Protein chains: 2
Amino acid sequence: MVSRDQGGEHTDGEFPAVVGGLRMTKQRRAVYQVLLDDRDHPTANDVFRRAQDRMLSISLATVYNCLEALVEHGLVNQVNFDREPSRFCSNLKEHVHFHDEKTGVIHDITFKPGAKLEDLLELPKGTEVTEVELTIRGMLPKQK
Amino acid sequence: MVSRDQGGEHTDGEFPAVVGGLRMTKQRRAVYQVLLDDRDHPTANDVFRRAQDRMLSISLATVYNCLEALVEHGLVNQVNFDREPSRFCSNLKEHVHFHDEKTGVIHDITFKPGAKLEDLLELPKGTEVTEVELTIRGMLPKQK
DNA sequence: TGGCATATTTAGAATAATTCCAATTAGGAC
DNA sequence: GTCCTAATTGGAATTATTCTAAATATGCCA
Ligand SMILES: [Mn+2]
Ligand SMILES: [Mn+2]
Ligand SMILES: [Zn+2]
Ligand SMILES: [Zn+2]
């Protein structure tokens, strides 16, 4: 019997074979693990290069496919800044993004407890909000 | 030294020859007027088609050039939703965007008086915010 | 006013992120 | 194992946008 194993029987204990309704193939696992390991909001191409360390044979098309699947199943968020390449974020807690213009680093920022964004806005009464996307650019204070 | 009267260009009375430091060529004027006339956040291509009604000979490259110039001089805002084509907005009052998923219409939403977005967020003390971009998706209540 | 430097416009080519396609490979059920 | 479907793959296609290089317009100054 000569069959190369693409995974799916979950031998290494990292993930179950199915996560959030998504079958965890070897490729999806690699892509997902890349995003869990370094939460620096990499682009698809960043993810591709990092995933290649885990799996030499993975293709860029597959990375795009995996990212799409992970996003659709709610395991990962796709984050866009202006017209730049999309970035990907495995932080599922509600947060917004702060783009530090000095360092280029993208930070996850949470709302203060009890904060209700909609209270700040002149939205017609009864408006149903399904998604909020907030990006802030600026500079963090000097660390000392 | 820029004198108030820029030498008798400005034949059609709509704009002075220079606005916000930007020389108002016939093409820039047409593009800007398109954005002032209908504030429905058109794409560059929408603007191109509308500008052609005013000026048959205008090119798409010029529309992109004009939009860039208008944005750089702060007369127009460039608005991005996900990976969709950029949209352009001549509303200079501070506002955020509400994308009505039922109708596809993009509405300008203002903050309530005195609202301070930064108060809601867990930003490190002393953080300097230079730009905020907020997009909301959802559905407006039924009109009756 | 005409000459000159510079800015702007233009058509079309180039770019780059992303998507699509068609062929292969893998996984799971039986 | 067989069969069916899902996933992967390399490469081509797409598309908004940017770039290029040539033509044109504008502003300035003698
Ligand atoms: Mn990317
Ligand atoms: Mn456009
Ligand atoms: Zn994030
Ligand atoms: Zn707007």
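Chain A is the first sequence line, chain B the second, and so forth, proteins listed ahead of strands; every chain is numbered from 1. All of these numbers come straight from a predicted model, not from anything done at the bench. Worth knowing before you read on, the calculation uses all heavy atoms, side chains too, and leaves out hydrogens, waters and symmetry mates.
- Atom CZ of B:Arg28 and atom P of D:dT26 are 12 Å apart (whole Å).
- Heavy-atom distances to DNA chain D give each of A:Ala61 and B:Gln78 a nearest nucleotide, and the one nearer the 5′ end belongs to A:Ala61.
- Ion pairing between a basic and an acidic side chain is recognised when a charged N comes within 4.0 Å of a carboxylate O; B:Arg49 and B:Asp46 show such pairing.
- The nucleotide whose nearest atom lies closest to any side-chain atom of A:Thr62 is, among D:dT8, D:dT17, C:dA11, D:dT8.
- The neighbour count for B:Glu94 CD, taken as heavy atoms of other residues, nucleotides or ligands under 6.0 Å away, does not exceed 12.
- Taking atom CG of residue A:Asn45 and atom P of nucleotide C:dT15, one finds them 17 Å apart after rounding to whole Å.
- Between atom CG of residue A:Asp40 and atom NE2 of residue A:His107 there is a gap of 11.0 Å, rounded to the nearest 0.5 Å.
- Distance B:Ile58 CD1 to D:dA23 P: 21 Å, rounded to the nearest Å.
- For B:Arg83 and D:dA16, the shortest distance from a side-chain N or O to OP1 or OP2 is not below 4.0 Å.
- B:Thr25 comes within 4.0 angstrom of the backbone, heavy atoms only, and of no base.
- Rounded to whole angstrom, the span from the CG atom of A:Asp82 across to the C1' atom of C:dA17 amounts to 15 Å.
- Contact annotation: A:Gln27 side-chain N/O to C:dA26 OP1/OP2 distance is not under 4.0 Å.
- Whole-Å rounding puts the B:Leu60 CG to D:dT17 P distance at 9 Å.
- Taking atom OH of residue B:Tyr64 and atom P of nucleotide C:dA11, one finds them 15 Å apart after rounding to whole Å.
- As rounded to whole Å, 16 Å separates atom C1' of D:dT26 from atom CE of B:Met24.
- You'll find that the side chain of B:Ser86 is closest to D:dT17, out of D:dT17, D:dT9, C:dA17.
- For A:His99 and A:His97, the ring centers are positioned 6.0 Å apart or more.
- Across the interface with DNA chain D, nearest-nucleotide mapping of B:Lys26 and A:Cys66 shows A:Cys66 to be the residue nearer the 5′ end.
- Nearest heavy-atom pair across A:Ile58 and A:Phe48 is O-CE1, 3.4 Å.
- Of the side-chain N and O atoms in B:Ser57, none sit less than 4.0 angstrom from OP1 or OP2 of C:dT9.
- For B:Arg23, the side-chain atoms get nearest to D:dG27 when compared with the rest of D:dG27, D:dT9, C:dG28.
- Nucleotide D:dT17 holds its P atom 13 Å from the CG atom of B:Asn65, rounded to whole Å.
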